[in-house]
Every structure is written in structure tokens, then in C-alpha cells.
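FYI, side chains are in, hydrogens and waters are out, and symmetry mates aren't considered; it's all heavy atoms of this structure. If you're wondering where the values come from, they're calculated on a predicted model, not measured in any experiment. Throughout, a chain's letter reflects where its sequence line sits, starting with A, and its residues are numbered from 1.
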Amino acid sequence: MDTKEHVLESEEHQALRHAVRRLLERHGKGGADLTDGQAGQVDLDLWGRLANEIGVCGLAVPEDLDGAGFGARELALVAEELGRRLLPSPFLPSVAMGTQLLLEAGDPAALEAHLPALLSGTRRATVLLPHHGDGWSVEETDIAAVRDDGSGYRLRGRVTRVLDGHAADLLIVPARAEDGTVDLYLVTEFIDVARRAQPSLDHTRAFAEVILDGCAAVRVAAPDAAGAIDRAMSVAAVCLAAEQLGVAQHLFDAAVKYAKDRHQFGRPIGSFQAVKHKLADSLLELELARATVNDALGQLESGDPSARRAVSVAKLVSSEAGYVVCANAMQVFGGIGVTWEHEAHLYFKRASTNRVLLGRPGVHRELIASSLSL
Amino acid sequence: MPATEENLALIRKQVVRLLTENPPEDTPRSDFLGAQFDAGLAWVAFPEGLGGQELPHELQREVFRLLDEAGAPNAQVSNRLAYSMGAPSVQTWGSEEQKLRYLRPLFLGERWCQLFSEPGAGSDLAAVNTRAVRDGADWIVTGQKVWTSMAELSGRGMLLARTDASQPKHQGLTYFVLDMSAPGVEIRPLRQMTGEAEFSEVYLTEVRVSDQDRLGPVNGGWKVALSTLMNERDMFGTKTTEAGPVEVAMRLYHEERPRDPSLRSRLVDLWVRGQSLRLYAAQAAARSAAGTPGPEGSLSKVGFAELNKLGYELCLDLLGDEALLYGDYDAEPAVLGSPPRADTADPRLLFLRSRANSIEGGTTEIMRNIIGERVLGLAPEPRIDKNVPFAELRG
């Protein structure tokens, strides 16, 4: 297994990476198969294996909650491998976003009720962020929460483009109460909920429109919902950045191989400088992006005060680099690169949508600018 | 070989002793450097008696860190070319007699310059035309070198010359350590677009060079030159702690307070790019220390060159109409033979100087070829001159 980009990884991390990669290689769908059927359709069998044989859902869950007790770095590692394979999975919405949010919110009742099923992969969560491109500020939520008789609530509103919204079992909904405060609410019963899959640009991701029409919900008792969301989505953003690295690295490696195999004018096309230089530049972008993801993970681990900025740097740089590298790779592939049949478009489309999820580049740029007092 | 806690502690003890026995404030520079050499702290990886102790190379960084803290002389900074390029070449290719003769004086301050490039041999360095013709125990050298830094201050020059034109270009070259004070060596300043002359042209007219100053085998000079160049590329790639265009742009932004939002946007992007490159270089240094070096030198070189050009373009835009004027094209450089420093020089000078960053020390195009071929394994372009005797080549 060629992992020269991970030479400094610990043996444990290499073992985890190897385990995930091997499982995906043996069982995952690849290439053009991904365009069959509904976008982002999850192979439940494979998801179950990832959850139970490797424990991906519990990697960042503390041991006293039956998790593995690791952290963002391990989640990011798995995300990267899933990205390489372009596996449609609920990892981002359910593990990186949903589970992390429940942990950060810290409501014991909510954790007791939902964590076990999330850990085993039998249930999937998703977070109904009002917008993807604008980042994870929930102040603009259009969902209203009204106190029900008893201790419950009823939610009313509409969110579109919810990741895995059609199939998720647990909706984590930021909603505004009558007094104006925004809190998190949990929906597990799909009465008075209409969910409609939306056609996705990226064949490997599922988006849905979710209409909450007075459905029952339980409020998450979190002393600081905004803080919990920020911390959880920061981890998710670095995971997405790592996933983007995996996506781009796969297509880049494929393009380099193509440049060696494809002959025109009597020689491999990689021997022409224009092609060679494009790939050399792509390597630089990948390596720089990787460095920013490593730095963000390190700062999150050490609780560095500038970790939030490092997360935005990693998300910004990886989003852009991943996209550009995929675009360059597609160019190297020439005609076949733009066909339905070839895998290039699948990676390109994923890289493209990843630029929007969890904050488009401009949003992260703005946070960085503010942190530099500009 | 990576450093260990043990030998790190040993090094620290030795440096402490060096500083105690030779307090920098009271010790003449060359005495201090002599003591450092004799203590095996000049290049710790070199053999004993030649400035080293055969310890891991990574420990040298710690030596200089401690010396810098104590305000002691730093040969790597003050005599960079000789220390980082000349000495490793001598160590790899020199005879024991040559190592004994060259290394200590070099470390004590004898400057070395590079005599590689010629008007007709830049990216295609193997195409050098300067001839060395055997004459008894000596060689007679005639030719012209260009882009030589520090020529006027240098005691010796690393010279690549052609010794057999009947061989293909790579196979008829020999490397010499030239005595710059020898008769026939003429140095002329080479003025750049900035107005400064950091470099010189060096004219060699029948200069007599002893065969004892030949480094490496006759007609085997290409490999020696390559090892010198490898060290040069690493030098360029790792300047991560000096101020650069990001710092200058930040300062100008705060001074000028521009209203144009696109300038703010470009500044953030510049900062992010600079940050990415610094993180990459720092993590690469860690990989290198762990014994698993990668393509970092070449990638960093390309990255920093483009950052400099982009960054100083932004600086110029931040200056507004001031960008129409200049300081003084006739001014002397701040430090002879050195490029202007970002923390003190006029941004307009830095802007002009930055254009050469993607050309000197290996053009960005050559670096991309190296990355593509040696790192990614892509096929080289067909070379039509590789196996043709040099004397038969045209142009």
C-alpha cells in the first residue's frame, strides 16, 4: 500500500488507515457504478462493517460513553480514506457532524437515548444547518420551535439541501424558540415531516428537502448551543478538508499514471512540459493543503487559541486545492476525462461540492481576515 | 540518522563549554570559530579533526540555535555559500589532504563563491564552455563565468570547467577549487534591474590551477557539481523564519489603509499562502530529521518564489501612486553581495528583486521538470544533445 504522503504517521494510525482502505477496496463500489441509482445511496452492509469491524462511528467518542476515546485526527484519517474511495456514506453528516454535536452539547439524556445506535451504525444523524455555504452560524435558522403540552416541542419550517436528509433517523435541528433563543432540537419520529430527495450535482452525496410541519421534537439541554455547534462543526470541517485531500489525491495519482501510460506524438504525454508542469503544480497544492490539515489537527489536539483560525485555513486551502487538483487531473485525462464513463467527473463533482459544504471559501477567508485584524 | 536525546544533550554540553571557554564578547571572531571547529561543532556530521564528530546532521541546527542565543558568530549565516555548499562538496569528494587544507580556513571565514553559470550555460549548466587544459602538474583555465555572488570577497571559487570536448557534455567536465587571487582572474560587477550589483562576471584568462585543487575525478566533475547544487536548492527552500512579502504587505496595508476591498482579499490570500508554505516547510524539516526526506526542497523553492512575486506585486498595489517612483538606482546594497532584506528594504526594490526568485538557483520551469520527473516519475523530454560529443554541438 503506497502511503508515501503519510510517512510520519504512527504505526497505530497507519494500521487504522490500512484497515479502512482494505475494507473499502474489497467491498466498496468504485468508478462508474457510483452513478447507478439514487445519488449518495449508502451500502448499508459496508457501512455496518465500517461501524462494527473498525468502529468508525465511535472513534472520537469518549471511552466512558463506549467510544474508542480518540479524536479529530482519527476521524480525519477515516474521512480521507472515504474520500479516496468516494464512498457514499453518512460519515460526514452522522459521525463528523451529528455525533460530534451531541457530544459537544453534552446533554446526558440525549446521549443516552441516541449515542448507542449511532455508534453501532444502525441509526444515522444529520444536522439541519440553514445554509451550507454560509458556514455553520445558526442565527438564520428558519425553523420555529413552539412549546408543546408537557415537556416537548413542535417544530415548523423548511430546510433544503440537508445532507442525508432523506434517510437519516435522527434530525438535529437548530430552531428558534418563542423567546428568540436558538437551541438544538431532536426529531426522531417522522410524523408531520416531509422529506424529499433533491437531485444532487455530486452522485455520491444525498441531499434532501425537509419540511417540518409541527413535528414533535425534544430540546437538547445545552448551556451553550452556539459554542457546541462551533466546536463540533470545526472538527467536521477539518474532516471534510481531509476528505477533500483523499478525493484529490486519488484523482491526482490516476492522472499521473495516465500521463505515463498515454502516448501521443510518439511519447508519453507526461514527457511534455505543459502536462508535467501542471502535475508538478498539483503536487505542490496537495502538499500545502496537507500541511494545513495537519496543523489544524495539531492545534485542535493541543487546544491552541488559534485553532479556530487553523481550521478555517485548512478548510479554505483544502477546498480550493482539492478542486484545482481535480480540475487539472481532468485536463490531463483529455477527452475521456469528461465522459460519464470515466471516474474523473465523480471526483471532480465531489471536490466541487465540498467547496460549498461547511462554509464556502469566502466565509473562511473572512474569518481569517478578522482574526488578522484586517 | 536521526538525533537522539543522548547526543542532543552531549551537543548542548559541548556548546556550553565552548561558550564558557570562549566568551563571544571577549573572543576575536576567528578564534571563536577556530575553537568551534576544533571542538567538532562546525559540521557535527563531519569526521573528527575536520570540524565534526560524526554525529547526526540534524544536531547542527541546535548548535546554531544555541550560538545565536549567546550572540556568538554564526558561520552558516555569515559565510553561507562556503559553509553550506563548498564544505559539503569537499567532504564528499575531496581527498584527505584537501579536507585538511580547505575546511578549517573556510570555517574561519574564507569565503567561497560559485563559478558555474556562464552566458551560454544557465539552465543547461552542463553546456559550460570554460576550458581547463592540462599543463604538467597544473591546468590552465580560460573562460567566463556569470552570476557569481561574493566574487570580490571570496578566497576560493567552485569552478566547473570543460576538460574534454570530445566527450558528450556531461562527461567532459572537471571541478576545481580556484584560488580567486590567482593571476588572470578578473571580476566585474553585474548590475541587475534593481540597480544593485549583487553578482559579478568572472573572466578567467589563462589562470593556472594546481591539480591538487581538482575536486573529484578528471572528467567526473558533473556529479560533484550536482552535489553542490543539491545543497543550494535546500538553502533556498528553507528560509521560513525570515520576514518576507507577507510581513511587508501587512505593514503596508495598515499604513496605507486602502479602501479597495480586493486588496484586503488579496492580502488574506497571501497570508494563507505564506502560512501554508511555512507549515509545509516546518513539517518537511521534521520529516527530514526523521530520516524520510521528500520533494520538499523543490516544492518549497517553487512555492516561495511564486509567493514572493505575488506578494510584492500586492505591496506595489498597496503603495498606490508611490509605485510610480523609486528610491535610488545608484544606491549601494545594504549588505555587499546579499539580496535586500524584507524587513528593511524599500518595497519597490523588493518587488523588482523578486522577479529573479523564480529564475535563480534553478528556474521554476526546471524545478517543475525535476518534480515531474524525479518525484512523480514522468518521462523526461527527449534530449537531442545528451550523447553527442560537446565539440560537435551547435548553439
Side-chain angles (χ1 to χ4, degrees), chain A residues 4-8 252-253 255-257 259-260 263 265-296 298 309-310 312-314 316-318 320-321 332 361-362 364-374, chain B residues 246 249-250 253-254 257-258 261 263-284 286-296 298-304 306-307 364-383:
Chain A
K4 59 184 176 321
E5 52 273 7
H6 304 294
V7 276
L8 261 200
F252 173 74
D253 289 345
V256 170
K257 180 169 192 305
K260 292 175 187 175
H263 284 64
F265 304 107
R267 48 185 166 117
I269 63 168
S271 69
F272 292 100
Q273 277 197 12
V275 174
K276 185 176 291 174
H277 288 193
K278 196 178 281 295
L279 291 170
D281 285 344
S282 289
L283 179 66
L284 176 61
E285 297 312 309
L286 270 174
E287 292 290 299
L288 295 185
R290 198 174 292 286
T292 63
V293 171
N294 272 329
D295 182 61
R309 179 174 70 194
S312 278
V313 171
L316 169 64
V317 173
S318 298
E320 300 283 42
V332 169
H364 291 284
R365 208 175 255 125
E366 195 50 47
L367 182 138
I368 295 164
S370 295
S371 81
L372 296 170
S373 309
L374 293 177
Chain B
V246 181
M250 283 284 185
Y253 185 85
H254 285 109
R257 296 242 142 265
L263 290 172
R264 179 176 181 270
S265 202
R266 282 164 66 190
L267 182 57
V268 179
D269 283 343
L270 183 75
W271 184 88
V272 170
R273 189 69 174 179
Q275 179 74 348
S276 306
L277 283 162
R278 275 177 215 223
L279 289 172
Y280 176 64
Q283 291 172 23
R287 275 197 291 278
S288 204
T292 53
E296 293 84 14
S298 312
L299 289 177
S300 281
K301 210 249 171 201
V302 171
F304 276 109
E306 299 308 308
L307 178 80
T364 292
E365 286 69 32
I366 291 290
M367 300 314 301
R368 286 179 175 135
N369 281 353
I370 290 171
I371 293 162
E373 289 166 24
R374 299 202 206 141
V375 182
L376 299 178
L378 298 170
E381 259 169 327
R383 307 276 192 95

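A distance of 9.0 Å separates OG1 of B:Thr364 from CG of A:Asp281, quoted to the nearest 0.5 Å. To the nearest 0.5 Å, atom CG of residue B:Leu279 and atom CG of residue A:Asp295 are 4.0 Å apart. Atoms CG and OH, from A:Asn294 and B:Tyr280 in turn, are 12.0 Å apart once rounded to the nearest 0.5 Å. How far CG of B:Asn369 is from NZ of A:Lys276: 5.0 Å, rounded to the nearest 0.5 Å. A:Leu284 CG to B:Glu306 CD: the interatomic distance, rounded to the nearest 0.5 Å, is 9.5 Å. Atom CD1 of A:Ile368 is separated from atom CG of B:Asp269 by 8.5 Å, given to the nearest 0.5 angstrom.
Counting heavy-atom pairs closer than 4.5 Å to chain A, the top residue among B:Val272, B:Leu267, B:Val268, B:Val302 is B:Val268.
Of the atoms belonging to A:Val317, it is side-chain heavy atoms, and not backbone ones, that fall under 4.5 Å from chain B. Using a 4.5 Å cut-off between heavy atoms, A:Glu320 makes no contact with chain B at all. Of the two parts of B:Glu365, the backbone and the side chain both hold a non-hydrogen atom closer than 4.5 Å to a non-hydrogen atom of chain A. In this structure, the portions of A:Arg365 lying under 4.5 Å from any heavy atom of chain B include both its backbone and its side chain. At a 4.5 Å heavy-atom cutoff, the contact between A:Leu316 and chain B is made by side-chain atoms alone.
The residue from B:Val375, B:Leu378, B:Ile371 that alone fulfils the side chain to side chain contact (heavy atoms under 4.5 Å, CB included) condition with A:Leu279 is B:Leu378.
Inter-residue side-chain proximity for B:Met250 and A:Leu374 is flagged as met; some heavy-atom pair is nearer than 4.5 Å.
Using a distance-only test at 3.5 Å, with no hydrogens or angles considered, no donor-acceptor pair links the side chain of B:Glu381 to the main chain of A:Phe272.
The two residues B:Gly372 and A:Ala280 make their nearest non-hydrogen contact at N-CB, 4.3 Å. Closest approach of B:Pro380 and A:Ser271 over heavy atoms only: O-CB, 3.5 Å.
A salt bridge between A:Glu366 and B:Arg264 is present, with a side-chain N of the basic residue lying under 4.0 Å from a carboxylate O of the acidic one.
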Show your working on salt bridge (charged side-chain N to carboxylate O under 4.0 Å, His left out) between A:Lys260 and B:Glu373 and close with a plain yes or no.
CA-CA 11 Å; A:Lys260 292 175 187 175; B:Glu373 289 166 24; over 6 Å; no
Could you walk me through whether A:Leu372 and B:Tyr253 pass side-chain contact (heavy atoms from CB on, under 4.5 Å), step by step?
CA-CA 12 Å; A:Leu372 296 170; B:Tyr253 185 85; over 6 Å; no
